[in-house]
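To start, the structure under review is shown below, and the notes come after it.
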Amino acid sequence: MEETLTVRVWRGAEDGALEAFRVPARDNQTVLDVVTHIQRELDPTLAYRFACRVGMCGSCAMVVNGRARWTCRTHVRKVTQDGALELRPLANLPPIRDLATDMAPFFAKWSRAMGRFQPKDMEGGAVPEDFAVVPPASAKRQAADAGIECIGCGVCHASCDIVGWNPDYLGPAALNRAWTLVNDVRDGARDDRLAAVAGDAGCHACHSTQGCTERCPKGLDPSGAIAGLKRTLFWRAFGFDR
């Protein structure tokens, strides 16, 4: 008899419910493989997001058995509980339908945290003769490099208890991006960016529960980045810029 999985999938929007499917169990099967099988073979109306399938885009992130994960890199046999899977859309974001969430609030927080590079004003509007050189061994460069690989998948955001309690909180991804730019010596908006992350919904709202760092599929440390923002703002309050 063919081995099967029991897969309970969230259907609908916020007022939806779980629907059960039986899916064949395969060797080296990923959770994204399971979702794709359901959509292609059992119910073509199932909505979900994916693109690259190799852990580069982050768009396939969902909540798998209660934990936010990339489904393309999550092997079924490592996460099943008694041969069962429960799949839900990312938490802390409004579901559009089924497993697809609206990422607009997530990226709006990047904008509020000034998560875009702002080059320093060039004297007289002159174009520099060469690229800016930032030594790889410098402390600022290493601090910026530590968080620069974030691809905006939303796993840390969905895993953050503070975002769940306070929807206005900027969240770990936006604050990690802000910390990366605060340490970029080429950036010209450092003061404005630090002001943007210093409010009640900024870095000081973080309780340092470390959920974002624990769940990051890229192995980044958003919690450490938030702590860096707190330290920088603390010293600036005493007239020191670190």
Side-chain angles (χ1 to χ4, degrees), residues 1-103 106 150-165 171-173 207-223:
M1 183 179 295
E2 184 179 48
E3 183 181 358
T4 61
L5 302 167
T6 300
V7 187
R8 301 176 73 222
V9 181
W10 184 262
R11 305 304 304 273
E14 291 185 4
D15 58 348
L18 291 167
E19 181 179 355
F21 296 90
R22 298 292 290 182
V23 176
R26 307 293 188 206
D27 292 334
N28 298 319
Q29 184 178 32
T30 68
V31 174
L32 183 58
D33 291 332
V34 169
V35 177
T36 301
H37 177 88
I38 294 172
Q39 194 270 337
R40 292 181 179 177
E41 305 295 336
L42 304 177
D43 188 344
T45 68
L46 177 64
Y48 66 107
R49 298 172 64 234
F50 79 99
C52 72
R53 301 182 68 93
V54 292
M56 294 183 66
C57 71
S59 62
C60 68
M62 304 170 198
V63 174
V64 181
N65 284 351
R67 176 169 176 160
R69 301 174 181 271
W70 288 352
T71 55
C72 70
R73 288 291 187 94
T74 300
H75 287 268
V76 170
R77 295 188 184 276
K78 294 183 178 180
V79 296
T80 49
Q81 298 172 355
D82 298 323
L85 283 174
E86 183 179 286
L87 307 178
R88 294 175 180 264
L90 285 178
N92 301 330
L93 290 167
I96 298 173
R97 194 180 92 232
D98 303 340
L99 300 172
T101 53
D102 183 358
M103 299 294 289
F106 174 79
C150 173
I151 60 174
C153 66
V155 166
C156 65
H157 190 86
S159 304
C160 178
D161 292 336
I162 313 304
V163 174
W165 301 334
H207 291 191
S208 301
T209 58
Q210 303 285 325
C212 54
T213 295
E214 177 190 352
R215 304 286 175 85
C216 178
K218 297 283 287 184
L220 305 183
D221 184 15
S223 184

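Remember, it's a predicted structure, so these values are computed and weren't measured experimentally. Along the sequence shown, residues are numbered consecutively beginning with 1.
By the 4.5 Å heavy-atom criterion applied to side chains, R26 and V34 are not counted as neighbours.
Proximity of a side-chain donor or acceptor of T213 to a complementary backbone N or O of S223 within less than 3.5 Å is detected. Side-chain atoms of R73 come within 3.5 Å of backbone N or O of V54 as a donor-acceptor pair. Side chain of T74 to backbone of R69: no donor-acceptor contact under 3.5 angstrom is found. In this structure, Q29 contributes its side chain and P24 its backbone to a donor-acceptor pair below 3.5 Å. In this structure, D98 contributes its side chain and G12 its backbone to a donor-acceptor pair below 3.5 Å. With N92 contributing its side chain and C160 its backbone, the two residues share a donor-acceptor pair below 3.5 Å.
Remark: R97 pairs with no residue by the side chain to side chain donor-acceptor pair (under 3.5 Å) rule, at least two apart or across chains. Residues forming a salt bridge (Lys or Arg N to Asp or Glu O under 4.0 Å) with E41 (at least two apart in sequence, or on another chain): none.
Considering all non-hydrogen atoms of both residues, P172 and V163 come closest at CD-CG2, 4.3 Å. Taking both residues in full, the closest heavy atoms of C52 and G55 are given as SG-N, 3.6 Å, listed atom of the first, atom of the second, then distance. Residues A61 and V155 share a closest heavy-atom pair of CB-CG2, 3.8 Å. Nearest heavy atoms, Y48 versus T36: OH-OG1, 3.3 Å. Of all heavy-atom pairs between S159 and G211, the closest is CB-O, 4.3 Å.
A salt bridge is defined here as a Lys NZ or Arg NE, NH1 or NH2 lying under 4.0 Å from an Asp or Glu carboxylate O, and D33 with R53 meets this definition.
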Item checked: Derivation of the side-chain contact (heavy atoms from CB on, under 4.5 Å) call for R77 and N28 -> CA-CA 8 Å; R77 295 188 184 276; N28 298 319; over 6 Å; no

Item checked: W70 and L32: CA distance, side-chain angles, deciding distance, side-chain contact (heavy atoms from CB on, under 4.5 Å) verdict -> CA-CA 8 Å; W70 288 352; L32 183 58; over 6 Å; no

Notebook entry, point to check: So T71 and F50, side-chain contact (heavy atoms from CB on, under 4.5 Å) or not? Walk me through it.
Noted result: CA-CA 9 Å; T71 55; F50 79 99; over 6 Å; no

Next item on the list: Applying side-chain contact (heavy atoms from CB on, under 4.5 Å), run through L90 and H157 and close with a yes or a no.
Entry: CA-CA 9 Å; L90 285 178; H157 190 86; over 6 Å; no

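Note that CZ of F21 and CD of Q39 are 10.5 Å apart. Values are rounded to the nearest 0.5 Å. Distance check, rounded to the nearest 0.5 Å: CE of M103 to CZ of R49 gives 5.5 Å. Rounded to the nearest 0.5 Å, atoms CG (L42) and CZ (R22) are 11.5 Å apart. Atom-to-atom distance recorded for I38:CD1 and L46:CG is 6.5 Å, nearest 0.5 angstrom. Here CZ of R11 is found 11.5 Å from CG of L87. Values are rounded to the nearest 0.5 Å. Once rounded to the nearest 0.5 Å, the distance linking SG of C72 with CE of M62 reads 9.5 Å.
Ring geometry for W165 against H207 counts as tilted: the plane angle lies between 30° and 60°, on a 0 to 90° scale.
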